[in-house]
Amino acid sequence: MKRDLSSHILLSFIKKLAVFLLFIAPSTYADWQLNLREGVTEISRSVYSLHMIIFWICVVIAVVVFGVMLWSVIYHRKSRGAKAQNFHENVYVEIAWTIVPILILVGMAVPATATLKKMYDSSESDIDIQVTGYQWKWRYQYLESGVDFFSSLATPIEQIQGESEKTENYLLEVDNPLVIPVGKKVRFLITANDVIHSWWVPDFAVKKDAIPGFINESWVKAEHTGIYRGQCAELCGKDHGFMPIVVEVKSQEDYQLWLKDQQLAQAEKAKSAEKRWTLDELMVTGKEVYMKSCAACHQANGEGVPGAFPALKGSPLVQGDPGAHIDVVLNGKAGTAMQAFRDQLSATELAAVITYERNAWGDSLGDIISPSQIAKLKQ
Amino acid sequence: MKQASANNKLIIKLVVSVALMFGFGFALVPLYDVFCRITGINGKVDLTPATYAESSQSDRSLKIQFIAVNNESMPWQFKPNAYSMKVQLGKTYQTSYQASNMTSEYMVAQAVPSVSPSEAAQYLQKVDCFCFNRQPLKAGEVKEMGLAFNIDPQMPEYIKTITLSYTLFDITAEDSKPIASTNL
Amino acid sequence: MSATEQTVSADMQHGEVNTQDTEHHHGPAKGFSRWLFTTNHKDIGSMYLWFSLAMFMTGGCMALLIRMELFQPGLQMMQPDFFNQMTTMHGLIMVFGAVMPAFVGLANWMIPMMIGAPDMALPRLNNWSFWILPFAFSMMLFTLFMEGGAPNFGWTFYAPLSTTYAPPSVTFFIFAVHMMGISSIMGAINVIVTILNMRPKGMVMMKLPLFVWTWLITAFLLILVMPVLAGVVTMMLMDIHFGTSFFSAAGGGDPVLFQHVFWFFGHPEVYIMILPAFGVVSEIIPTFSRKKLFGYSSMVYATSSIAFLSFIVWAHHMFTVGMPLAGELFFMFATMLIAVPTGVKVFNWVATMFRGSMTFETPMLFAIAFVVLFSIGGFSGLMLAIAPVDFQYHDTYFVVAHFHYVLVPGSVFSIMAAAYYWLPKWTGNYYNEKMGKLHFWLSFIGINITFFPMHFVGLAGMPRRIPDYALQFADFNAVSSVGAFIFGFSQLLFIYNIVSCIRTKNQATPEVWEGAKGLEWTVPSPAPYHTFTTPPKVD
């Protein structure tokens, strides 16, 4: 753990504190959103109106109850000479304030039940997407078209550690967003690879737990194109806060184009493995992949976290036989946090990252793991 | 003295209820299983073959989707051979999944089925399923794993599509232990 | 310790007054062995309260670390894994170390005095149930220094994050939970036997003070659910070390089963932390309104029905796990029903104040704040009960705001109210009223600045248990952090008030408060070491 209580942080803390004490809203991030989003689906709008109805009912009850209390606090105080009355029971009043809340609750339950039923509608969908939670990224598989990719945080580590300016969609941006067409019923089949995650997009009012070994479903019919952002909502370990969800809703035509692009790109990736790669090229790609997929645990400098994640720098596995190294990266290591990256990365990316690990951090072995070699293993 | 014996009686009762509640915690495990089997609350499917024969067929049909999931550090290739089927209720169908062990070691896997929507689970009868047994595969071996099922015509009308997923777990390490140890 | 001297001198005073009791009359032993071997309910009560205060400050420091990290976006203070350890330990310590022991301490001190019994029914058991706690919590805190760190899977420790993926310290966590569980169960047995068997003639059940009633019901809840918690952690232990698969799908288990069993314990646990608070407030409001509690019997029935309902609503914590429609509806309706008895209680308190003759000493201020702020937590609870909307609230800061509103200005405020209310009885001295009020107002302001904005960030979409967040949540988080520091540091005043109340002579009368009714106010202040060695007459 890093307890870097540097003067910089302390100073900024004091500065902010001062600003608040002076009641000047700091407008650096200025977004004082108070309420739930209405969202872009029929369901999310009915959820929103349900939320507002119940909120206002609560407000009315609060005003009445606290009003009576405030009245007593003001007028029935001893310093005003109030004399305590003797009553301490009244069957009629007590029955009334049992029955009336029940009626109010029934009034709330009726629309709530209707909305819930709509959410559970399992009629035929146009597109089915399998959503799998991984520590700490999402995988999307389009069942009909075979498109299959991982989606992980795109915010650079420098922004998180405060070494560079945070940009607009800080922590809410991914490398490969999920893309769905507008106006179509899309069913999500949600599961997990390791621990329990939860797939949540507020604008769709969809939140479903992703549970290893079990499948859950949910659906959405987005009414407007646009980009919608959400996050994992169930504590899933160290980087639970760093696995956002981004959904791009496109028009039907754009969606078809995107789908074609994806299929082309997948073929392209397979081809790129056949090309001859130089060490330098592999190192550049490898560093990118490493920062995205490995640095969260093994750290950017390859030194790992003692007791939790082993160091790669100077490790016998990385320094030794390439076969064993490749095996661990491709197939993971059972009983540890080391995942199998076989499906998560392309042959080229795998070759690059293994090459990078073997040559970065000064312990350069000079050996190249070629993408074609990995491609063969992946088949 | 009367006080002491009254206390003792009450203490014994309370200690017994503590013990019973401790037992109840454990009893929740099979109770939950029974409860789930009856209501299908968690989409968990029976791991024992259905003794159910082909029943009265119905004209209704629905779509069944097949999904394959690998649990973490399970490096096999695993996919259904058919992604979806239109099936008639009450009729028995055959399909299969393909698994291939891409590693250089002998491994054992257990497939765990799950159905969505969960209330459909109890109407999905598996006549034969590769999930009934653990699946050993030698290094580099590829295997077609069969599945025979039918859907009870009692399936509620409002369910139009069901999804059957199999998650493949690596149990090479625990291979010596019995599976489903908590399934009483 | 000056508390010792106080009680000793008090006891001598009492000896002079009450000379018939010579055979029972012996003062406390001297030195540390007094505390180690004591079987006196007042000594044990004091130890529970001091222990709880220490844990409250420890858990509070963790909360401040959390709030410091969340003061602005980005990772400044700590790595995410340590952040998770902090949220987990903060939750566990506050629930099991601060709130529960505080109520047990109050029960120890007050139940025998309120029902007119000489001591708890099982004094030796009482000693053990306290002395287990320091060991349990030392073990728990020690895990912070272990390799792999302390538990980092949240206080709800969902499998498989807490089994297959847990740090090695999880085994110590499990043992610590077992020890706390045993302590709570022994405490609960003691309370039940005391209340049912130790009442003097004439103290019929429907004459029991409400604090005693709520504690009796709480003790039954403890007896029924703490063993289930012990069961669930035992299953975890077996999954981790003995290869069973209760919670692992691979071996035929089910991670959702963990949540069902956990919340079967967890929901009643929530009421274990609030029912005694209801009792405390039901004692304080009538005293300072100088008016009898409105609807005594409906209070008793409402408490019992809340306790009953708490067993059939657990799955409302799990609306998003994918239950079938029927299950969601059942748990939604059952949960909404809880609003009815809870409402009855709030209405009764308001009706008690209505047409009373109120004064606003510190305990009353805390009690009034309790009624208002707990109700706000109740309203957000009602909103959370609505399953389709819960999909938006679940696991966001809206939930964090909700349960902190019921636990901090709820349970914790009631404990503080109780402390100020009974301090003169415990120490024989009035506390400093000005300082007490200052403590109240700082806490009240701090708490609302901390937790109210959490409603907004939650609705705006901020998930809970994250060490870093998107920029649109930045402003409210900064506000919350400032509030947390105000609230946190004002607790130093609380400690000061307690200590100075013990040390500064300001003799309290036996009744202490003008409007106070009940047996505990008939004994001298401070309460002698032994009270009601001869049963009091109850009419």
Side-chain angles (χ1 to χ4, degrees), chain A residues 1-2 9 13 16-17 20 29 31-36 47 50-51 54 58 65-66 68-69 72 76-78 82-85 88 94 97-98 101-102 105 112 115-116 119-120 160-162 170-172 195-196 198 202 205 207-209 211-213 216 231 233-235 238-239 241 307-308, chain C residues 71 74-76 78-82 147-148 154 158 160-161 165 249 255 290-292 294-295 298 320-322 325 328 336 339-340 343-344 347 350 353-359 372 379 383 386-389 391-392 394-395 456 459-461 463 465-468 470-472 474-475 478 482:
Chain A
M1 70 197 103
K2 192 182 98 189
I9 292 150
F13 193 96
K16 271 220 158 180
L17 205 101
F20 270 101
Y29 311 122
D31 187 352
W32 299 84
Q33 188 190 337
L34 294 174
N35 204 352
L36 214 56
V47 164
L50 203 53
H51 159 76
I54 291 162
C58 288
V65 176
F66 298 157
V68 174
M69 199 169 114
S72 329
H76 306 147
R77 52 170 69 210
K78 197 185 170 201
K83 289 271 173 305
Q85 304 283 303
H88 56 84
E94 289 176 60
W97 67 36
T98 311
I102 291 178
L105 289 175
T115 307
L116 198 61
M119 287 176 158
Y120 271 73
I160 295 170
Q161 292 181 336
Y170 177 71
L171 292 190
L172 294 177
V195 299
I196 300 176
S198 188
K207 185 186 283 151
K208 261 282 143 74
D209 288 359
I211 301 165
N216 265 330
Q231 280 177 275
E234 180 65 61
L235 179 63
K238 183 169 75 67
D239 283 348
Chain C
F71 180 63
L75 293 178
Q76 287 89 23
M78 55 184 85
Q79 289 302 304
D81 191 54
F82 185 68
E147 191 166 304
Y158 281 6
L161 192 62
Y165 296 82
R290 290 165 185 76
K291 186 160 157 273
K292 221 172 145 183
F294 189 88
S298 70
T320 62
V321 299
L325 183 59
E328 302 257 330
M336 291 169 81
V340 177
V344 167
F347 300 144
V350 174
M353 289 186 244
F354 190 73
R355 297 211 162 272
S357 167
M358 278 194 276
T359 52
V372 175
F379 288 132
M383 294 169 80
I386 312 292
V389 198
F391 293 152
Q392 292 285 50
H394 180 80
D395 263 331
F456 305 138
L459 292 174
R465 294 168 167 166
I466 56 173
D468 191 6
L471 301 182
Q472 74 253 34
D475 293 332
V482 172

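All figures in this text were calculated on a predicted structure; none of them were measured in a lab.
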J.: Kindly give the heavy-atom pair with the smallest separation between Met119(A) and Ala205(A), and that separation in Å.
T.: CE-O, 4.1 Å
J.: Given heavy-atom pairs under 4.5 angstrom as the criterion, report whether the side chain, backbone, both or neither of Asn216(A) touches chain C.
T.: side chain
J.: Tell me, side chain or backbone of Phe66(A) under 4.5 Å from chain C's heavy atoms, or both, or neither?
T.: side chain
J.: Examine whether an atom of Ile160(A) lies under 4.5 Å from a heavy atom of chain C, and if so say whether it belongs to the side chain, the backbone or both; otherwise answer neither.
T.: both
J.: Checking Leu105(A) against chain C: side chain, backbone, both or neither under 4.5 Å from a heavy atom?
T.: both
J.: Quick one, Tyr120(A) with Glu328(C), criterion side chain to side chain donor-acceptor pair (under 3.5 Å). Give me CA distance, side-chain angles, the key distance, then yes/no.
T.: CA-CA 11 Å; Tyr120(A) 271 73; Glu328(C) 302 257 330; 3.3 Å; yes
J.: Quick check on the interface: out of Leu171(A), Leu50(A), Leu172(A), who has the most heavy-atom pairs with chain C under 4.5 Å?
T.: Leu171(A)
J.: Please report the interatomic distance CD(Gln392(C)) to CG(Leu36(A)), rounded to the nearest 0.5 Å.
T.: 5.0 Å
J.: Does any backbone or side-chain atom of Glu94(A) lie under 4.5 Å from a heavy atom of chain C? Answer side chain, backbone, both or neither.
T.: side chain
J.: Given a strict heavy-atom distance threshold of 4.5 Å, which part of Met69(A) is in contact with chain C: side chain, backbone, both, or neither?
T.: both
J.: Testing the basics here: between Ile466(C) and Gly241(A), what is the closest heavy-atom pair and its distance to 0.1 Å?
T.: CG2-CA, 3.4 Å
J.: Looking at Pro388(C) and Val47(A), what are the two nearest heavy atoms and their distance?
T.: O-CG2, 3.8 Å
J.: Between Phe391(C) and Thr320(C), what is the shortest heavy-atom contact and its length?
T.: CD2-CG2, 3.7 Å
J.: Based on non-hydrogen pairs under 4.5 Å, which of Ala249(C), Ser357(C), Pro80(C) is most in contact with chain A?
T.: Ser357(C)
J.: Return the OH to CD1 distance between Tyr158(C) and Ile211(A), rounded to the nearest 0.5 Å.
T.: 10.0 Å
J.: Under a 4.5 Å heavy-atom cut-off, does chain C meet the side chain of Lys83(A), its backbone, both or neither?
T.: backbone
J.: Among Pro101(A), Gly213(A), Pro202(A), which residue has the highest count of heavy-atom pairs closer than 4.5 Å to chain C?
T.: Pro202(A)
J.: In terms of heavy-atom pairs under 4.5 Å, which option from Val321(C), Ile386(C), Thr359(C), Asp81(C) contacts chain A the most?
T.: Val321(C)
J.: Tell me, out of Gly154(C), Pro255(C), Gly343(C), who's got the most heavy-atom pairs with chain A below 4.5 Å.
T.: Pro255(C)
J.: Can you label the angle between the His76(A) ring and the Phe354(C) ring as parallel, tilted or perpendicular, going by 30° and 60°?
T.: perpendicular
